[in-house]
Amino acid sequence: MQITYREPSLAHSIDSILLFQTEGTGGWWMDALYQFYPQLDRGRMERGSRLERAAYLRESLSETYEQLVPELKEKVRDYQGHWDKNRRAVEEALGDIFQIPLEGRYQDIRADITLNPICPRFLKERRFDVFYRNSPSGALGMALHEIVHFLWFDRWNALFHDDPAEYETPHLKWIFSEMCVRPILGEPRLAERNPYYPGECVYEYFYTMTVGGRPVLETMEELFAQRSMDQFMVDGYRYCQEHEAEILRQMR
């Protein structure tokens, strides 16, 4: 398993930012941009077409980006070095969890370092974005979350042979996969390397979500601990289906 970190361009950062600055995107996803870049005019962003928003971001962030280029290059080196140092232990831990040998597999994972504080991932391309303000250990914590998704949905598809379009928001299969990250990352070899575990490794609403008075993450951890990976997928998803309405209500 290998991740290759790179800093692609300002254009990539702008494209990444625009994924979360569209009509219908939730406030939490949109707000982070203005917290880190208060110089941006939110009203102008919201009024403009996609082309106008892209042009405005180029105009507003070009100077910031140019000033950051030396730091971004340094981040590429630091993130890569930290991953390389921890790769073998991560590979062994995830191989044990997913019950597949990972040595020599998943060599094409790419991590793009960007100015976007919200970091998307792309399952089909096996790539994800990393916000440049992360520390090397924080970048590794983000990588662990995304690698779990790559492995999860490969195994899921082999088990269910379903449509990968359902692996993204707002589908229940995506919601279930996000819940499952926390019990998986609780494996000691992963937890000790992850500064976001246990309190920040999944979306905030999962930490407060309950069904029948019991925390959902507690239920997931119990199911995960008592089952093989395939059976956990079957039983955990059935649980989500049975309580879908309540889960969606609390996410809203």
Inset, instruction - Taking the side chain as every heavy atom from C-beta outward, state whether Met30 and Ile118 have any atom pair closer than 4.5 Å. - result: no

Legend entry - Side chains of Tyr106 and Leu151 in contact at under 4.5 Å (non-hydrogen atoms): yes

Inset, instruction - Among residues two or more places apart or on two chains, list those pairs meeting salt bridge (Lys or Arg N to Asp or Glu O under 4.0 Å) that have a residue in residues 68-81. - result: none

Legend entry - Minimum-distance pair of heavy atoms, taken over all atoms of Cys180 and Trp152: SG-CH2, 3.4 Å

Legend entry - Modelled atom types, side-chain donor and acceptor of Asp84 and Gln80, under 3.5 Å: yes

Inset, instruction - Go through the side-chain N and O atoms of Tyr34 and Gln21 and say whether any donor and acceptor fall under 3.5 Å apart. - result: yes

Legend entry - Ser60 (side chain) donor-acceptor with Leu40 (main chain) under 3.5 angstrom: no

Legend entry - Intermediate values then yes/no, side-chain contact (heavy atoms from CB on, under 4.5 Å), Val234 and Asp230: CA-CA 6 Å; Val234 171; Asp230 286 354; 5.7 Å; no

Legend entry - Salt-bridge criterion met for Arg126 and Asp154 (N-O under 4.0 Å): yes

Inset, instruction - Check whether any side-chain heavy atom of Ile247 lies under 4.5 Å from a side-chain heavy atom of Phe176, and answer yes or no. - result: no

Legend entry - Polar side-chain atom of Tyr207 near backbone of Leu217 as donor-acceptor pair, under 3.5 Å: no

Inset, instruction - Check the pair Arg189, Leu94 against side-chain contact (heavy atoms from CB on, under 4.5 Å), reporting the backbone distance first and the verdict last. - result: CA-CA 9 Å; Arg189 288 169 289 181; Leu94 289 172; over 6 Å; no

Inset, instruction - Anything under 30° is parallel, anything over 60° is perpendicular, the rest tilted; go ahead and classify Phe128 against Phe150. - result: tilted

Inset, instruction - If a pair satisfies salt bridge (Lys or Arg N to Asp or Glu O under 4.0 Å) and one of its residues is in residues 133-150, list it, with sequence neighbours excluded. - result: Arg121-Glu146

Inset, instruction - Would you give the length of the straight line joining atom OG1 of Thr169 to atom CD1 of Ile175, rounded to the nearest 0.5 angstrom? - result: 7.0 Å

Legend entry - Flag side-chain contact, heavy atom, 4.5 Å: His243 against Val216: no

Legend entry - CG on Asp235 to CZ on Arg227, rounded to 0.5 Å: 4.5 Å

Legend entry - Glu222 side chain reached by Arg214 side chain, heavy atoms, under 4.5 Å: yes

Inset, instruction - Identify the two heavy atoms, one from Met233 and one from Arg155, that lie closest to each other, and give their separation to 0.1 Å. - result: CE-CB, 4.0 Å

Inset, instruction - First locate atom CG of Asn86, then atom CG of Leu144, and finally report the distance between them rounded to the nearest 0.5 Å. - result: 8.5 Å

Inset, instruction - Apply side-chain contact (heavy atoms from CB on, under 4.5 Å) to the pair Leu19 and Asn116, showing each step before the final yes or no. - result: CA-CA 10 Å; Leu19 291 173; Asn116 185 8; 5.9 Å; no

Inset, instruction - Might you point out which heavy atoms bring Cys240 and Met220 nearest each other, and give the distance in Å? - result: SG-CE, 3.7 Å

Inset, instruction - For residues Thr22 and Arg53, determine if any side-chain heavy atom of one lies less than 4.5 Å from a side-chain heavy atom of the other. - result: yes

Inset, instruction - Look at the aromatic rings of Phe206 and Tyr203 and report parallel, tilted or perpendicular, splitting at 30° and 60°. - result: tilted

Legend entry - Audit row: Thr219, Met209, side-chain contact (heavy atoms from CB on, under 4.5 Å) steps and yes/no: CA-CA 11 Å; Thr219 299; Met209 185 179 292; over 6 Å; no

Legend entry - Atom pair CZ/CZ of Arg6 and Arg127 - distance to nearest 0.5 Å: 7.5 Å

Legend entry - Residue pair Pro136 / His82: nearest heavy atoms and the distance that separates them: O-CD2, 3.3 Å

Legend entry - Backbone N/O of Met1 and side chain of Glu91: donor-acceptor pair under 3.5 Å: yes

Inset, instruction - Taking all non-hydrogen atoms of both residues into account, name the closest pair between Leu115 and Tyr65 and its distance. - result: CD1-CD1, 3.9 Å

Legend entry - Value rounded to 0.5 Å, distance of CD1 in Ile97 from CZ in Phe224: 5.0 Å

Inset, instruction - List for me each residue that meets salt bridge (charged side-chain N to carboxylate O under 4.0 Å, His left out) alongside Glu192, sequence neighbours excluded, and say none if there are none. - result: none

Legend entry - Between Phe160 and Tyr237, ring centroids under 6.0 Å: no

Legend entry - Donor-acceptor under 3.5 Å (Ser177 side chain, Trp174 main chain): yes

Inset, instruction - Would you please say whether a donor-acceptor pair under 3.5 Å links the side chains of His145 and Asn194? - result: no

Legend entry - Value rounded to 0.5 Å, distance of CD in Glu63 from CD in Gln39: 9.5 Å

Legend entry - Under 3.5 Å donor-acceptor, Glu7 side chain and Ser9 backbone: yes

Inset, instruction - Could you tell me whether the side chain of Arg42 reaches within less than 4.5 Å of the side chain of Asp31, counting heavy atoms only? - result: yes

Inset, instruction - Compare every heavy atom of Met229 with every heavy atom of Gln99, then report the nearest pair and how far apart it is. - result: NE2-N, 3.8 Å

Inset, instruction - Report yes if some heavy atom in the side chain of Tyr197 is under 4.5 Å from a heavy atom in the side chain of Leu190; otherwise report no. - result: no

